[in-house]
**Student:** 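I have a structure I would like to understand better, so I am pasting it below and will then ask my questions one at a time.
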Amino acid sequence: MQKKYRGSVDFVNSNKSLSALADGKLELASPADRLSAVVINHIIGSLIAMPFYIYYMISIFKFFGTIDPDEADALDTEQFDQFFLNWFNLPLTEIIIGFTFVASIIYTIWQIYWMTKYGQSIGKRLLKIRVIRTNGDNAGFIHNILLREVVYGVIASIVSIMTLGFGSLIFLFIPCMVFATSWHRRTLQDFLAGTIVVKVK
């Protein structure tokens, strides 16, 4: 008897028709759109942290600029510790760190809300694609956040730790799975959460 797919990881039956695609009304998202959505999300995250990194680098350059080149080799950890202590206590530093923290929280909540309600991150929403369950239902918080992001992230971290970081190289090739049409362009995240990514009509 053939094993029926129930939303768990199932590579054996992954080439079978999924109920969400059975009537032909939904179309799988293209690899370009899926990968571009990931890039957009990373760019937004980087832009949020950019003011902090720029300010930090400027502070580091100013610190080294005040040091006599002849004394540069004599720098010790105590001088660096004192620099960072003074730097963290500056009002401007506190403002920038606070802004970055608040912006990151807002961005995260925004992402979670959209991914839960619409099955879309900001990047996916801009490119008009969304995550749904293989039966066509909304992925919701459990499938789109807990399974697809949190559990997958934990598994990736455990593999990386157990292999002293070498295992993380494997996960760099996971996005290539979006080119496998026989698997309905599903990545390991999709197999884990029982989801697919489709175009928004």
Side-chain angles (χ1 to χ4, degrees), residues 31-127 129 131 141 144-178 187-189 192 197:
D33 284 343
R34 292 194 60 174
L35 296 176
S36 297
V38 174
V39 172
I40 290 173
N41 289 329
H42 281 296
I43 289 176
I44 295 175
S46 298
L47 289 176
I48 291 175
M50 191 63 67
F52 172 80
Y53 287 120
I54 292 176
Y55 174 64
Y56 173 75
M57 294 305 299
I58 291 175
S59 300
I60 289 292
F61 283 122
K62 284 185 177 180
F63 169 70
F64 282 105
T66 60
I67 298 175
D68 190 326
D70 296 330
E71 299 178 356
D73 294 335
L75 286 174
D76 54 29
T77 56
E78 185 176 340
Q79 288 175 286
F80 279 110
D81 291 342
Q82 187 60 45
F83 159 72
F84 285 118
L85 181 61
N86 294 335
W87 181 76
F88 274 113
N89 289 326
L90 291 175
L92 183 56
T93 302
E94 295 177 351
I95 291 174
I96 292 179
I97 291 177
F99 167 80
T100 304
F101 177 77
V102 172
S104 298
I105 293 297
I106 293 174
Y107 175 67
T108 301
I109 293 175
W110 188 355
Q111 289 278 61
I112 291 175
Y113 175 75
W114 271 10
M115 291 170 71
T116 299
K117 186 172 183 179
Y118 306 111
Q120 297 172 302
S121 62
I122 294 176
K124 285 184 173 65
R125 193 170 181 86
L126 290 174
L127 294 174
I129 60 177
V131 177
F141 181 80
N144 207 4
I145 304 297
L146 288 184
L147 294 177
R148 207 166 184 274
E149 302 296 334
V150 178
V151 174
Y152 175 81
V154 170
I155 292 175
S157 298
I158 292 175
V159 171
S160 179
I161 293 173
M162 293 180 65
T163 59
L164 301 179
F166 291 103
S168 61
L169 297 176
I170 299 175
F171 291 90
L172 295 178
F173 296 96
I174 298 302
C176 295
M177 294 177 68
V178 298
T187 63
L188 284 182
Q189 289 173 289
L192 178 65
V197 182

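The structure displayed is predicted, hence computed values, not measured ones. By convention here, the first residue in the shown sequence is residue 1.
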**Student:** Which residues satisfy the side chain to side chain donor-acceptor pair (under 3.5 Å) test with S59, sequence neighbours excluded?
**Tutor:**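 Only W87 meet the side chain to side chain donor-acceptor pair (under 3.5 Å) criterion with S59.
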
**Student:** Would you check if the side chain of S160 reaches a backbone N or O of A156 as a donor-acceptor pair within less than 3.5 Å?
**Tutor:**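 Side chain of S160 to backbone of A156, a donor-acceptor pair under 3.5 Å: no, none is there.
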
**Student:** Take Y56 and I96, measure what side-chain contact (heavy atoms from CB on, under 4.5 Å) needs, and give me the verdict at the end.
**Tutor:** CA-CA 10 Å; Y56 173 75; I96 292 179; over 6 Å; no

**Student:** Can you list the residues that meet the side chain to side chain donor-acceptor pair (under 3.5 Å) rule with Y55, with sequence neighbours excluded?
**Tutor:**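 Expected list: T93.
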
**Student:** Please list every donor-acceptor pair under 3.5 Å in which a side-chain atom of residues 171-178 meets a protein atom from a residue at least two apart or in another chain.
**Tutor:**
none

**Student:** Taking only residues two or more places apart in sequence or in another chain, which ones pass side chain to side chain donor-acceptor pair (under 3.5 Å) with T100?
**Tutor:**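 T100: no side chain to side chain donor-acceptor pair (under 3.5 Å) contacts found.
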
**Student:** So which heavy atom on L85 is nearest to which on N89, and how close?
**Tutor:**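 Scanning both residues completely, I find the closest heavy atoms to be O-ND2, 3.0 Å.
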
**Student:** Working to the nearest 0.5 angstrom, can you tell me the gap between F141 CZ and L147 CG?
**Tutor:**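 Between F141 CZ and L147 CG, I get 10.0 Å after rounding to 0.5 Å.
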
**Student:** Using the test salt bridge (Lys or Arg N to Asp or Glu O under 4.0 Å), find all partners of R125 that sit at least two apart in sequence or belong to another chain.
**Tutor:**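 By the salt bridge (Lys or Arg N to Asp or Glu O under 4.0 Å) rule, R125 matches no residue at all.
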
**Student:** Would you give the length of the straight line joining atom OG1 of T116 to atom CD1 of I145, rounded to the nearest 0.5 angstrom?
**Tutor:**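 Atom-to-atom, T116:OG1 and I145:CD1 are 4.5 Å apart.
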
**Student:** Just jot down the side chain to side chain contact (heavy atoms under 4.5 Å, CB included) partners of I106, sequence neighbours excluded, or say none.
**Tutor:**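 If we apply the side chain to side chain contact (heavy atoms under 4.5 Å, CB included) test to I106, skipping adjacent residues, the hits are V102.
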
**Student:** Got a sec, which pairs hit salt bridge (Lys or Arg N to Asp or Glu O under 4.0 Å) with one end in residues 96-121, sequence neighbours left out?
**Tutor:**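 Those involving residues 96-121 do not exist here.
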
**Student:** Report the distance from atom OG of S121 to atom CH2 of W110, rounding to the nearest 0.5 Å.
**Tutor:**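 These two atoms lie 11.5 Å from each other.
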
**Student:** Does any pair with a residue in residues 150-167 pass salt bridge (Lys or Arg N to Asp or Glu O under 4.0 Å), and if so which ones, sequence neighbours excluded?
**Tutor:**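 Of all non-adjacent pairs touching residues 150-167, none passes salt bridge (Lys or Arg N to Asp or Glu O under 4.0 Å).
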
**Student:** To check you understand the geometry: which heavy-atom pair defines the closest contact between A37 and L127, and what is its length?
**Tutor:**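 Scanning both residues completely, I find the closest heavy atoms to be N-CD1, 3.4 Å.
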
**Student:** Which pairs with one or both residues in residues 42-53 pass salt bridge (Lys or Arg N to Asp or Glu O under 4.0 Å), sequence neighbours excluded?
**Tutor:**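 Not a single pair qualifies under salt bridge (Lys or Arg N to Asp or Glu O under 4.0 Å).
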
**Student:** Can you give me the closest heavy-atom contact between E149 and N144, atom names plus distance?
**Tutor:**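 Nearest heavy atoms, E149 then N144: CG-O, 3.3 Å.
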
**Student:** Would the number of heavy atoms belonging to other residues, nucleotides or ligands and lying under 6.0 Å from CZ of F84 be above 12?
**Tutor:**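 Check passes, neighbour count above 12.
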
**Student:** Quick one: side chain to side chain donor-acceptor pair (under 3.5 Å) partners of Q111, sequence neighbours excluded?
**Tutor:**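 Per chain and number, Q111 pairs via side chain to side chain donor-acceptor pair (under 3.5 Å) with N41, Y107.
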
**Student:** Does K124 reach the side chain of R34, with side-chain heavy atoms less than 4.5 Å apart?
**Tutor:**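 No, side chains not in contact.
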
**Student:** Is any side-chain heavy atom of M115 closer than 4.5 Å to one of V131?
**Tutor:**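 Side-chain contact under 4.5 Å: no.
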
**Student:** Checking L126 now: which residues fulfil side chain to side chain contact (heavy atoms under 4.5 Å, CB included) with it, not counting sequence neighbours?
**Tutor:**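 Applying side chain to side chain contact (heavy atoms under 4.5 Å, CB included) to L126 gives I40, I122.
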
**Student:** Determine whether a donor-acceptor pair (N or O, by modelled atom type, separation under 3.5 Å) exists between the side chain of Q120 and the backbone of I129.
**Tutor:**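 Side chain of Q120 to backbone of I129: a pair is present.
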
**Student:** What salt bridge (Lys or Arg N to Asp or Glu O under 4.0 Å) pairs are there with at least one residue in residues 164-178, not counting sequence neighbours?
**Tutor:**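 Of all non-adjacent pairs touching residues 164-178, none passes salt bridge (Lys or Arg N to Asp or Glu O under 4.0 Å).
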
